[in-house]
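Throughout, a chain's letter reflects where its sequence line sits, starting with A, and its residues are numbered from 1.
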Amino acid sequence: MGAIEKQRNILDFTLSSLGRRKGKNIALVVVYTFVIFLLASVLFFTHSLKKEAFLILQDAPEMTVQRLLAGRQDLIPTHYIDTIRQIRGVQSVAPRLWGYYYDAMSGANYTLMVNAELNDRAGEIIIGNGVSMRSMSGKRNQALRRNDIIPFKTYDGSVLTLKVRGLLPFASELVTADLILVSEADFRKLFSIANDQATDLVLNVRNAKELSTIAAKITQIHPDTRPILREEILRTYDAVFDWRGGVIFMVLSGVFFAFIILAWDKATGLSAEEKREIGILKAIGWETSDILLMKFWEGSAVSMAAFFMGIFLAYLHIFLASSILFEPVLKGWSVLYPSFRLTPYISVYHIATLFFLTVIPYTVVTIVPSWRSATIDPDSVMRM
Amino acid sequence: MIRLQNVRKVFNADKANEFVAIEGVNLSIDSHGATVLKGPSGSGKTTLLSILGCMARPTSGRIMLKEREITSLPERFLTEVRRETFGIVFQQFNLIKGITALENVMLPAYPNGEKHASLKKRAMELLDLLNLIGKAFSKVEWLSGGEAQRIAIARALINNPAIIIADEPTAHLDTRLSREFMEIMRQLKKEGKTLLIASHDPIVYDSTVIDRIVEIRDGKIVSSGDIP
Ligand SMILES: Nc1ncnc2c1ncn2[C@@H]1O[C@H](COP(=O)(O)OP(=O)(O)O)[C@@H](O)[C@H]1O
Ligand SMILES: [Mg+2]
């Protein structure tokens with residue numbers, strides 16, 4: 001008399017029962033899967049974005065110094081470097097040159113950055129995966145674009161042609177997708193920037209605790225500058241992503257409640273046929289607990305199937321299909337990325353939360369009405 | 001084997017449509033016999049069978065099963081008693097649609113925790129006994145009335161109960177099938193089962209299988225004599 005055999009027998013019957021109410025159960029699984037898919041997509045998406053931004057900023061310099069002109073960022077004179085280097089605790093100061101280039105042909109904004117490795121190779125560039133600027137050869141396939149010539153319009157109205165030296169490796173596509181690395185000479189030519197100016201300065205300090213003191217000293221010496229600490233950027237990014245995720249989550253709560261109502265209706269409204277079956281099972285000797293066990297297996301089978309399918313689809317959506325559904329809401333916080341794939345980061349904690357918010361309530365919801373039917377007197381079956 | 005003492009069953013008690021279905025019934029059913037509850041439609045046969053088969057509790061009175069008072073047993077134990085002691089053949093058969101005849105037969109034994117394979121073997125033996133082996137894997141909605149009833153009988157036998165209860169078993173059968181049913185009952189009686197059948201069909205109560213006829217009218221027993 002194994003308790004396990006009993007479970008097995010009842011599970012067997014449950015599974016063959018599920019097949020009998022195909023229409024109802026398929027409709028239920030489809031809607032359920034869709035809800036899980038949406039919720040999981042949001043979770044995966046925001047989590048991966050945050051993780052990605054965190055990774056990017058980890059490599060960012062501890063402090064960046066910008067020059068402000070009438071409250072807006074302006075080019076910074078490179079002679080500021082000498083005075084800043086004098087400040088006690090500053091280990092190194094370096095100028096950076098970077099900016100955005102709008103390409104009317106592809107309708108996208110690209111990030112241009114000077115890379116020291118290209119400085120003795122003027123005329124050459126290295127591009128990210130998402131850079132889809134039309135080249136002279138007209139080739140579209142990124143992998144084949146090595147040695148292609150891409151024309152750029154300079155700020156004085158002439159055309160500068162640059163040769164693709166190679167592609168960027170993609171550890172994090174979010175940053176590198178739209179990136180174009182150029183030599184210093186080409187960058188200055190492109191944007192007409194004088195040799196004694198830079199976009200901003202980056203600093204390394206000996207002791208992270210002195211960061212704010214050093215920042216204060218810099219503004220004292222150069223009142224027209226604004227030092228930005230990495231910590232501050234991290235906090236801002238975090239807040240922005242949380243906010244965006246929150247907006248989506250609000251919308252999804254609506255969907256989720258609609259689902260609960262539907263599930264409630266589908267699952268609670270036992271059909272006359274189901275009630276009849278429960279009556280028969282009771283009359284032939286099933287206990288109330290056996291019937292609840294059966295309904296438990298039924299609810300679990302439906303919700304587990306939907307849960308895993310939903311998670312699987314969400315994974316495909318976010319990490320392989322570039323989150324097509326969310327693009328309009330979640331992107332565009334600084335530039336419009338041509339297209340990118342997130343690196344998968346999944347948190348077990350999120351999956352567990354999702355599980356407890358969907359599978360468990362659904363299973364309970366299916367059991368409650370059966371419990372009411374299962375406590376009816378079996379003699380009603382005699383008169384059916 | 002079963003004794004009813006002063007049993008009374010009231011439907012919708014204390015309401016405007018209160019109805020006394022069974023009143024002052026004293027009845028003693030012995031083992032190994034075949035008893036018919038005979039009476040016109042609405043006389044209370046089904047109600048009395050439900051009480052005898054532990055499916056309904058009487059409003060008042062006592063039920064003794066093998067000298068054990070079961071009237072006040074909690075629901076759980078009553079279900080267990082029902083599963084182990086009674087096999088019930090319902091008037092409308094009450095098979096579960098969409099699953100096979102074989103699964104229908106096995107259903108009452110699932111809560112016992114018997115190994116699936118051995119349970120299946122026993123179910124097949126019963127189907128064989130009732131000449132239904134060819135229908136084992138058919139869905140029950142495709143079966144004829146006679147076949148459906150024999151599946152219902154096999155299902156009633158799967159837990160090897162001491163008592164078989166049948167409510168109006170010939171109501172949906174023609175004469176030939178009704179006689180076939182009584183032959184099956186004869187076989188079961190020979191094997192030592194106690195039979196309790198509610199019917200107002202002469203093919204049933206005039207059959208030589210029957211040992212005793214209990215006549216009810218308006219919820220009361222009017223005669224409970226043995227067949228001379
Ligand atoms: N659940 C119920 N509620 C009210 N009246 C009922 C109920 N069940 C049966 N009755 C009534 O009890 C009487 C006896 O019914 P029943 O035992 O089914 O008779 P029989 O089986 O002899 O035809 C009938 O008049 C029936 O209408
Ligand atoms: Mg009846």
Side-chain angles (χ1 to χ4, degrees), chain A residues 1-26 270-298 370-384, chain B residues 9 11 45-51 53-57 75-100 103-120 139 141 152 155-156 158-159 161 165 167-168 198:
Chain A
M1 298 283 171
I4 293 178
E5 278 303 318
K6 172 173 169 171
Q7 300 272 343
R8 221 206 99 184
N9 288 335
I10 290 178
L11 181 60
D12 256 23
F13 174 64
T14 309
L15 294 181
S16 59
S17 289
L18 276 176
R20 292 182 298 142
R21 285 182 276 278
K22 272 202 201 80
K24 177 179 168 175
N25 288 319
I26 289 177
L270 283 186
S271 64
E273 182 64 21
E274 282 174 284
K275 281 187 191 146
R276 192 181 95 100
E277 278 178 23
I278 290 179
I280 294 173
L281 290 174
K282 272 212 98 172
I284 61 176
W286 283 43
E287 274 162 36
T288 305
S289 62
D290 298 329
I291 288 165
L292 294 185
L293 185 65
M294 175 183 95
K295 287 292 166 184
F296 167 76
W297 283 125
E298 200 176 299
S370 313
W371 175 70
R372 271 192 266 123
S373 304
T375 49
I376 52 158
D377 279 336
D379 72 319
S380 59
V381 175
M382 292 289 275
R383 285 171 224 284
M384 283 197 294
Chain B
K9 178 77 180 179
F11 288 114
K45 302 184 295 296
T46 299
T47 309
L48 194 54
L49 274 190
S50 306
I51 293 171
C54 296
M55 281 187 286
R57 291 175 199 273
E75 167 77 27
R76 266 200 60 167
F77 292 95
L78 214 58
T79 306
E80 212 176 303
V81 167
R82 183 165 70 241
R83 186 168 69 232
E84 286 167 2
T85 316
F86 297 94
I88 301 155
V89 180
F90 302 95
Q91 185 170 356
Q92 309 291 345
F93 313 143
N94 285 343
L95 298 177
I96 291 189
K97 294 196 191 95
I99 56 174
T100 63
E103 275 183 288
N104 263 282
V105 173
M106 289 161 71
L107 269 181
Y110 281 170
N112 295 337
E114 182 177 347
K115 266 219 166 13
H116 201 80
S118 88
L119 174 57
K120 188 168 165 182
K139 298 250 154 86
E141 49 269 44
R155 183 178 69 180
I158 192 74
N159 283 334
I165 287 179
D167 192 11
E168 312 261 11

### Residue pair B/P111 / A/K6: nearest heavy atoms and the distance that separates them
O-CD, 3.4 Å
### Query
Out of B/H116, B/E103, B/M106, which residue meets the side-chain contact (heavy atoms from CB on, under 4.5 Å) rule with A/D12?
B/H116
### Query
chain B: which of A/I280, A/D290, A/T288 shares the most heavy-atom pairs with it under 4.5 Å?
A/I280
### Message
As a quick check of understanding, evaluate side chain to side chain contact (heavy atoms under 4.5 Å, CB included) for A/V381 and B/Q92, giving each step before the final call.
### Response
CA-CA 9 Å; A/V381 175; B/Q92 309 291 345; over 6 Å; no
### Task
Evaluate whether atom CZ of B/F77 has more than 12 neighbouring non-hydrogen atoms of other residues, nucleotides or ligands under 6.0 angstrom away.
no
### Query
Does the side chain of A/E5 reach to within under 4.5 Å of the side chain of B/N112, using non-hydrogen atoms?
no
### Message
Looking only at heavy atoms and a cut-off of under 4.5 Å, which of B/Q91, B/E84, B/R76, B/E80 has the most pairs with chain A?
### Response
B/R76
#### Entry: Which atoms of A/E273 approach chain B - backbone, side chain, both or neither, heavy atom under 4.5 Å
side chain
### Task
Look up atom CD1 in B/I51 and atom CG in A/D379, then write down how far apart they are to the nearest 0.5 Å.
8.5 Å
### Query
Non-hydrogen atoms of chain A under 4.5 Å away: do they reach the side chain of B/R155, the backbone, both or neither?
side chain
#### Entry: Close side-chain approach of B/K139 and A/R20, heavy atoms under 4.5 Å
no
### Message
What part of B/T100 gets within 4.5 angstrom of chain A, counting heavy atoms only: side chain, backbone, both, or neither?
### Response
neither
### Part of B/D167 lying under 4.5 Å from any heavy atom of chain A
side chain
### Query
Between B/E75 and chain A, which part of the residue has a heavy atom less than 4.5 Å away: side chain, backbone, both or neither?
side chain
### Message
Side chains of B/F90 and A/I284, heavy atoms from C-beta outward: is any pair under 4.5 Å?
### Response
yes
### Task
Determine whether A/L281 and B/Y110 make a side-chain contact, defined as any pair of heavy atoms from C-beta on separated by less than 4.5 Å.
no
### Query
What is the distance from atom CG of B/L119 to atom CG of A/N9, rounded to the nearest 0.5 Å?
6.5 Å
## Note on the structure
Checked A/G19, A/G285, A/G279 vs chain B; the most non-hydrogen pairs under 4.5 Å come from A/G285
### Query
Under 3.5 Å, is there a donor-acceptor pair between the side chain of A/W286 and the main chain of B/L107?
yes
### Task
Among the options B/N159, B/T47, B/I88, pick out the one with the most heavy-atom pairs lying under 4.5 Å from chain A.
B/T47
### Task
Name the region of B/L95, side chain, backbone, both or neither, that has any atom closer than 4.5 Å to a heavy atom of chain A.
backbone
### Task
State the CE-OG1 distance between A/M382 and B/T46, to the nearest 0.5 angstrom.
5.5 Å
### Task
Could you tell me which portion of B/R82 (side chain, backbone, both or neither) has an atom closer than 4.5 angstrom to a non-hydrogen atom of chain A?
side chain
